[in-house]
Amino acid sequence: MAFKTYLILFFLLVNNSFSMAQHNANYDESKVPDITLPDTFVSLRGKLISTQQDWEEIRRPEILDLFREHVYGNIPSDFDQILYSEVQESQNPYPEKAIQKEVNITVSRNGKSHTMRLNVFLPKSGKGPFPIFLLVNHRAENEEVGLVEEGYWSVSELIDRGYATASFHGETVAPDDAERFSEGILNTLYPEELGKADGMRTFGAWAWAAMRAMDYFEQDQLYDTRKSALVGHSRSGKTALWAGANDPRWSVVYSNESGCGGAAISRRKYGETVAVINTSFPHWFADNFAAYNGQEETLPVDQHMLAALIAPRALYFASARGDQWSDPKGEYITMQLGSRIYSEIYNQEVNFPLAFEEIDSPIIQPFAGYHIREGKHNLTWEDWEHFIDFAEIQFKLIDTNGIKFN
Ligand code: GTR
């Protein structure tokens with residue numbers, strides 16, 4: 001059989017098992033189980049957490065460590081050297097209004113090194129320092145769309161509004177493939193992670209890369225990293241949440257339709273489930289996560305607690321009505337419950353009183369926001385428009401109140 005035929009057969013097989021999983025998924029709200037969620041505000045030793053000090057010294061580190069051990073795995077932070085160099089490989093799609101930088105970030109550890117690529121656009125007008133939006137990207141570049149797929153990465157509009165924006169592709173850090181995921185920083189920089197049940201996997205590697213991008217911005221006066229937004233869609237949205245929880249240098253964190261293992265409550269088992277995601281994508285999460293396949297109720301955490309880890313920095317979720325696989329209602333509930341951290345611990349008036357069924361426009365308030373749009377699973381200009389509105393509120397707060405996040 002010709003190689004091409006094998007490829008087609010393989011594609012049909014993978015695609016078929018995926019659509020079968022989607023077909024068998026529960027989309028009936030009346031079949032969602034009764035749920036008891038772990039309490040964000042009670043420590044493992046049973047202490048009621050009501051002060052900022054207890055949250056930051058006791059409960060927050062506990063929750064972060066539970067997610068690390070049981071869900072996403074390690075993000076090793078040690079390395080020997082980090083170097084930045086600019087290359088010129090592609091044509092600037094916006095020569096009239098943007099400066100393009102193609103940056104190689106080379107990290108070395110124990111005599112080995114790995115290079116990831118960061119693509120940056122800066123407004124030509126104005127001197128900066130520019131607030132920065134980083135998009136974690138997993139979509140394949142292709143000849144048709146080139147480096148920038150407008151809508152998905154709304155570079156032109158971000159530049160018009162006076163922001164810098166950057167993106168890295170997950171493939172340049174850890175391939176999105178069950179067989180090849182280690183052929184990036186795992187093999188070169190952190191091989192000891194491969195043998196660990198809580199070892200770094202793809203999402204940990206991509207979150208690590210977002211941190212290295214932030215390292216780059218921090219050492220260059222052109223960027224105003226006090227005003228920095230981290231955006232991810234779908235599998236990259238799961239990554240953005242995990243990266244934002246681990247790296248307090250991001251002042252705003254966005255999840256677009258990240259669903260299972262991202263913004264949606266796992267215990268609802270609506271749309272994609274833990275068993276389905278771990279079976280289709282065994283390289284995404286720590287190996288330990290597979291112990292919860294079909295056993296969501298035994299997880300020591302649920303995703304509302306991941307949302308809480310972002311505070312006091314700002315958090316925004318977006319869903320799409322046509323994307324039931326990501327469980328929009330479960331994403332909204334995560335926001336409702338997770339954002340209680342702002343009122344209960346940080347004295348901010350944040351709340352989401354509307355029931356999911358009542359939402360008919362974006363809910364944009366300081367510190368936390370949510371919208372659901374019509375249409376399918378995708379990151380679109382409509383999403384970005386609300387993202388920017390939300391960031392502007394947050395960036396103003398940083399300017400006027402001098403709010404510091406780290
Ligand atoms: C699907 C996967 C989802 C989501 C999505 C995407 O195949 O089941 O968890 O991440 O891919 O990344 O677009």
Side-chain angles (χ1 to χ4, degrees), residues 14 67-84 102-119 134-142 147 153 166-216 230-247 250 253 255 258-262 277-290 306:
V14 169
F67 275 108
R68 181 200 61 74
E69 182 179 348
H70 298 275
V71 183
Y72 301 99
N74 298 328
I75 308 180
S77 58
D78 66 302
F79 49 81
D80 301 325
Q81 192 183 42
I82 183 163
L83 294 172
Y84 314 105
E102 295 167 275
V103 183
N104 277 346
I105 303 181
T106 302
V107 179
S108 317
R109 181 177 185 253
N110 294 340
K112 290 192 167 173
S113 67
H114 180 88
T115 298
M116 62 175 271
R117 170 68 57 82
L118 188 68
N119 292 296
L134 175 71
L135 174 70
V136 182
N137 188 6
H138 63 267
R139 285 224 183 140
E141 268 175 45
N142 61 49
L147 180 64
W153 182 17
S167 173
F168 67 86
H169 201 288
E171 286 292 316
T172 77
V173 186
D176 190 2
D177 183 286
E179 301 298 321
R180 296 188 307 110
F181 72 92
S182 66
E183 293 172 13
I185 62 167
L186 272 154
N187 280 350
T188 49
L189 302 182
Y190 303 109
E192 65 279 8
E193 290 298 315
L194 289 165
K196 298 179 187 167
D198 61 352
M200 176 192 253
R201 295 292 177 267
T202 309
F203 290 157
W206 293 358
W208 177 94
M211 293 176 179
R212 303 295 73 81
M214 179 50 106
D215 294 345
Y216 168 74
L230 180 60
V231 182
H233 165 63
S234 206
R235 63 197 71 187
S236 297
K238 305 179 215 281
T239 303
L241 290 174
W242 181 231
N246 280 278
D247 188 348
W250 298 104
V253 177
S255 146
S258 62
C260 181
I277 206 167
N278 280 328
T279 309
S280 319
F281 308 101
H283 56 294
W284 279 1
F285 299 91
D287 295 357
N288 277 342
F289 195 34
L306 180 67

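The shown structure was predicted, so the numbers you read here are calculated from the model rather than taken from an experiment. Hydrogens, waters and symmetry mates are skipped; everything else that's a heavy atom, side chains included, is used.
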**Asked** Under 3.5 Å, is there a donor-acceptor pair between the Asp176 and His283 side chains?
**Response** yes
**Prompt:** Does the side-chain contact (heavy atoms from CB on, under 4.5 Å) test come out yes or no for Ser236 and Arg139, once each step is laid out?
**Reply:** CA-CA 9 Å; Ser236 297; Arg139 285 224 183 140; over 6 Å; no
**Asked** If you measure from CG on Leu118 to OH on Tyr84, what distance do you get to the nearest 0.5 Å?
**Response** 10.0 Å
**Option from Leu306, Asn246, Leu241 for which side-chain contact (heavy atoms from CB on, under 4.5 Å) with Phe67 holds** = Leu306
**Item:** Minimum-distance pair of heavy atoms, taken over all atoms of Trp206 and His138
**Value:** CH2-CB, 3.9 Å
**Asked** Considering only heavy atoms from C-beta outward, does the side chain of Leu194 approach that of Asn187 to under 4.5 Å?
**Response** yes
**Request:** Decide ring-ring contact (aromatic ring centres under 6.0 Å, His included) for Trp242 and Tyr72; before the verdict, give the C-alpha distance in whole Å, the side-chain angles of both, and the deciding distance to 0.1 Å.
**Result:** CA-CA 8 Å; Trp242 181 231; Tyr72 301 99; 4.6 Å; yes
**Fill in**
Nearest heavy-atom approach of Leu230 to Ala210 is CD1-CB, 4.3 Å
**Complete:** Sorted by chain and residue number, the ring pair (Phe, Tyr, Trp, His ring centres under 6.0 Å) partners of His70 (sequence neighbours excluded) come out as Tyr292
**Item:** Mutual orientation of the aromatic rings belonging to Trp208 and Phe79 [parallel < 30°, tilted 30-60°, perpendicular > 60°]
**Value:** perpendicular
**Complete:** What one should report as the nearest heavy-atom pair of Ala197 and Ala286 is O-CB, 3.6 Å
**Request:** State the NE2-CG distance between His169 and Asn137, to the nearest 0.5 angstrom.
**Result:** 4.5 Å
**Straight-line distance of Leu186 CG to Thr202 OG1, nearest 0.5 Å** = 7.5 Å
**Prompt:** If we only count heavy atoms from C-beta on, is the Ser77 to Met211 side-chain gap below 4.5 Å?
**Reply:** no
**Prompt:** With a 4.5 Å limit on heavy-atom distance, are the side chains of Arg201 and Phe289 in contact?
**Reply:** no
**Complete:** Interatomic distance, CH2@Trp153 vs CG@Asn119, rounded to 0.5 Å, equals 5.5 Å
**Asked** Should the pair Glu171-Arg117 be classified as a salt bridge under the 4.0 Å nitrogen-to-oxygen rule?
**Response** no
**Request:** List the atom of Gly237, the atom of Ser258, and the distance in Å for their closest heavy-atom pair.
**Result:** C-CB, 3.6 Å
**Request:** Not counting sequence neighbours, which residues clear ring pair (Phe, Tyr, Trp, His ring centres under 6.0 Å) with Phe168? List them please.
**Result:** none
**Prompt:** Pick from Val103, Val107, Ile185, Ile105: which one makes a side-chain contact (heavy atoms from CB on, under 4.5 Å) with Met116?
**Reply:** Ile105
**Complete:** On a heavy-atom basis, the closest approach of Thr106 and Ser113 is CG2-CB, 4.1 Å
**Item:** Distance in Å, Asn74 CG paired with Glu193 CD, rounded so as to fall on 0.5 Å steps
**Value:** 4.5 Å
**Message:** Could you tell me if the side chain of Phe285 sits less than 4.5 Å from the side chain of Ile277, heavy atoms only?
**Reply:** yes
**Request:** Taking only Lys NZ, Arg NE, NH1 and NH2, and the carboxylate oxygens of Asp or Glu, determine whether Arg109 and Glu192 approach each other closer than 4.0 Å.
**Result:** yes
**Complete:** Heavy-atom nearest pair, Ala207 first then Ile75, reads CB-CD1, 3.8 Å
**Message:** Can you list everything that forms a ring pair (Phe, Tyr, Trp, His ring centres under 6.0 Å) with His114? Sequence neighbours excluded, please.
**Reply:** none
